[in-house]
Amino acid sequence: MAKLTKITTQKKHKNRYNIFLDRGQGEAYGFSVDEDVLIKYRLQKNMELDDATIEALIQTDTLHKSYTLAINYLSYRMRSEKEIRDYLSEKEVDPEHIDEIVKRLYDEKFLDDQEFANSLVRTRIMTSSKGPLLLKKELLEKGVSAQQAEEALTHFSFDKQYEKARKFAEKKLKNSGKKSFRQQLQNLQQTLMQKGYGGEIIQEVIANLPVDEEEDQEWEAAVYQGEKLLRKFERKAEGFELKQKIKQGMYRKGFSFDLIDRFLDEYCEE
């Protein structure tokens, strides 16, 4: 049995208190508790505390500190249950305490994996160019169930997907440099797939891309790529052989035979 002899406020943490005990050998520091624990157990000077009560107080305070960690982690943004569990594990919180904290967070409506998934999808729609397949992967990695992920992705309608993919595609085409239109489309399809868009959306976007300036841009690209090939091969070949090498190179880069022949007529001497 020990007598509580003194309670002092910590200098750096005004909501935490040091508890001093006398176990028959004079006053000495015993443990510290948060203000909530102090009030809950009505700790005051001259109280008698047995070992079991002291251990319960320490455990309660440890749990309270871990719970406060979780609340602070949640203060920056919503979290999934898995994120909370991983974070508390990294902080070396007792597994039993983690279970208790997670249950309390659910009871107090601080945790809700479905609402977390819905919020993440809405945020990504506004702030990123990711498609639904990448979003689903991200949700699953954060511990959201497949069913909850599918439910959240209902917020990402076909029209919204098309609009985002189309804007991304148009921007990508403007920055594609001097490549053939066919090669640009191939690259674009690959990029949209990597971004997590499905085949139906990609086909719809490709089919509706603006092609007003395509002819002029295609000729400029053909000249640019053709001249590169000409510089590459003119020291190694000439005449028919040179033209064949340029023709093959331009064809591999996606240019039509009409454009290739036009380039050869205008830029390659007989």
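Judged by distance alone, with hydrogens and angles left aside, the side-chain atoms of Gln161 form a donor-acceptor pair with the main-chain N or O of Phe156 at under 3.5 Å. The main-chain N or O of Arg16 is never found under 3.5 Å from a side-chain atom of Asp34 such that the two would form a donor-acceptor pair. Without hydrogens or angle criteria, Asp22 side chain to Gln25 main chain gives a donor-acceptor distance under 3.5 Å. For the pair Glu170 (side chain) and Lys167 (backbone), a donor-acceptor distance under 3.5 Å is absent. Of the possible donor and acceptor atoms, one in the side chain of Asn208 sits under 3.5 Å from a partner among the backbone N and O of Glu204. With Lys130 contributing its side chain and Gly196 its backbone, the two residues share no donor-acceptor pair below 3.5 Å.
The list of ring-ring contact (aromatic ring centres under 6.0 Å, His included) pairs with a residue in residues 71-93, not counting sequence neighbours, reads Tyr73-Tyr87. The side chain to side chain donor-acceptor pair (under 3.5 Å) pairs that include a residue from residues 192-203 are Ser129-Lys195, where partners are two or more places apart or lie in different chains.
Taking 4.5 Å as the limit, every side-chain heavy atom of Lys103 sits out of range of all side-chain heavy atoms of Asp99. A heavy-atom distance below 4.5 Å is not found between the side chains of Lys45 and Lys3. Put simply, the side chain of Lys142 does not reach to within 4.5 Å of the side chain of Arg79, judged on heavy atoms. In this structure, the side chains of Leu105 and Ile71 come closer than 4.5 Å at one or more pairs of heavy atoms.
Under a hydrophobic-cluster definition in which Ile, Leu, Val, Met, Phe, Trp and Tyr are linked whenever side-chain heavy atoms come within less than 4.5 Å, directly or via other members, Leu192 and Leu134 are assigned to different clusters. Residues Leu133 and Val144 do not share a hydrophobic cluster, defined by chaining ILVMFWY side chains whose heavy atoms lie under 4.5 Å apart.
One distance of note links CE of Met126 with CZ of Arg124; it measures 10.5 Å at 0.5 Å rounding. In this structure, OH on Tyr106 lies 10.0 Å from CD1 on Ile84, to the nearest 0.5 angstrom. In this structure, NE2 in His155 is found 11.0 Å from OG in Ser157, a value given to the nearest 0.5 Å. For the atom pair CD (Glu108) and CG (Leu74), the distance works out to 10.5 Å, reported to the nearest 0.5 Å. A distance of 7.0 Å separates CG of Leu135 from CD1 of Ile125, quoted to the nearest 0.5 Å. In this structure, CG on Leu63 lies 9.5 Å from CG on Asp94, to the nearest 0.5 angstrom.
Nearest approach of Asn18 to Ser32, heavy atoms of both residues: OD1-CB, 3.6 Å. Smallest separation of non-hydrogen atoms from Ile201 and Ala165: CG2-CB, 3.9 Å. The shortest non-hydrogen separation linking Ser66 to Ile101 is CB-CD1, 3.4 Å. Residues Ser128 and Lys164 approach most closely at O-CE, 2.7 Å, considering heavy atoms.
Using a cut-off of 4.0 Å between Lys/Arg side-chain N and Asp/Glu carboxylate O, Arg104 and Glu100 are scored as not salt-bridged. For the pair Lys82 and Asp86, the salt-bridge criterion is met [side-chain N within less than 4.0 Å of a carboxylate O]. By the 4.0 Å N-to-carboxylate-O rule, Lys40 lies too far from Asp36 to be salt-bridged with it. Between Glu163 and Lys160 there is no salt bridge, since no side-chain N of the basic residue sits under 4.0 Å from a carboxylate O of the acidic one.
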Check against side-chain contact (heavy atoms from CB on, under 4.5 Å), Arg77 and Glu83: CA-CA 11 Å; Arg77 66 166 173 81; Glu83 285 181 307; 2.9 Å; yes

Salt bridge (charged side-chain N to carboxylate O under 4.0 Å, His left out) evaluation trace for Asp51 with Arg23: CA-CA 10 Å; Asp51 288 344; Arg23 298 177 184 270; 3.3 Å; yes

Glu35 vs Lys14, salt bridge (charged side-chain N to carboxylate O under 4.0 Å, His left out): CA-CA, chis, key distance, verdict: CA-CA 9 Å; Glu35 186 174 28; Lys14 300 299 182 183; over 6 Å; no

From CA spacing to verdict: side-chain contact (heavy atoms from CB on, under 4.5 Å), Val93, Ser89: CA-CA 6 Å; Val93 174; Ser89 292; over 6 Å; no

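Grouped with Leu38 in one hydrophobic cluster are Leu4, Ile7, Tyr17, Ile19, Leu21, Phe31, Val33, Val37, Tyr41, Leu43, Met47, Leu49, Ile54, Leu57, Ile58, the linkage being side-chain heavy-atom contacts under 4.5 Å among Ile, Leu, Val, Met, Phe, Trp and Tyr residues.
Of the N and O atoms on the side chains of Gln147 and Glu151, not one donor lies less than 3.5 Å from an acceptor on the other residue.
Annotation: side chain to side chain contact (heavy atoms under 4.5 Å, CB included) contacts of Lys6 (sequence neighbours excluded): Thr8, Phe20, Glu27. Scored by the salt bridge (Lys or Arg N to Asp or Glu O under 4.0 Å) test, Glu90 finds no partners at all (sequence neighbours excluded).
Within a 6.0 Å radius of CE in Met1, other residues, nucleotides and ligands contribute more than 12 heavy atoms. More than 12 non-hydrogen atoms from other residues, nucleotides or ligands lie less than 6.0 angstrom from CD of Glu48.
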Residues 110-118 side chain polar contacts: donor-acceptor under 3.5 Å, at least two apart:
{"from": "Asp112", "atom 1": "OD1", "to": "Gln114", "atom 2": "N", "distance (Å)": "3.1"}
{"from": "Asp112", "atom 1": "OD1", "to": "Glu115", "atom 2": "N", "distance (Å)": "3.1"}
{"from": "Asp113", "atom 1": "OD1", "to": "Glu81", "atom 2": "N", "distance (Å)": "2.9"}
{"from": "Gln114", "atom 1": "NE2", "to": "Asn118", "atom 2": "OD1", "distance (Å)": "3.0"}
{"from": "Gln114", "atom 1": "NE2", "to": "Gln148", "atom 2": "O", "distance (Å)": "3.2"}
{"from": "Glu115", "atom 1": "OE2", "to": "Arg122", "atom 2": "NH2", "distance (Å)": "2.9"}
{"from": "Asn118", "atom 1": "ND2", "to": "Gln114", "atom 2": "O", "distance (Å)": "3.4"}

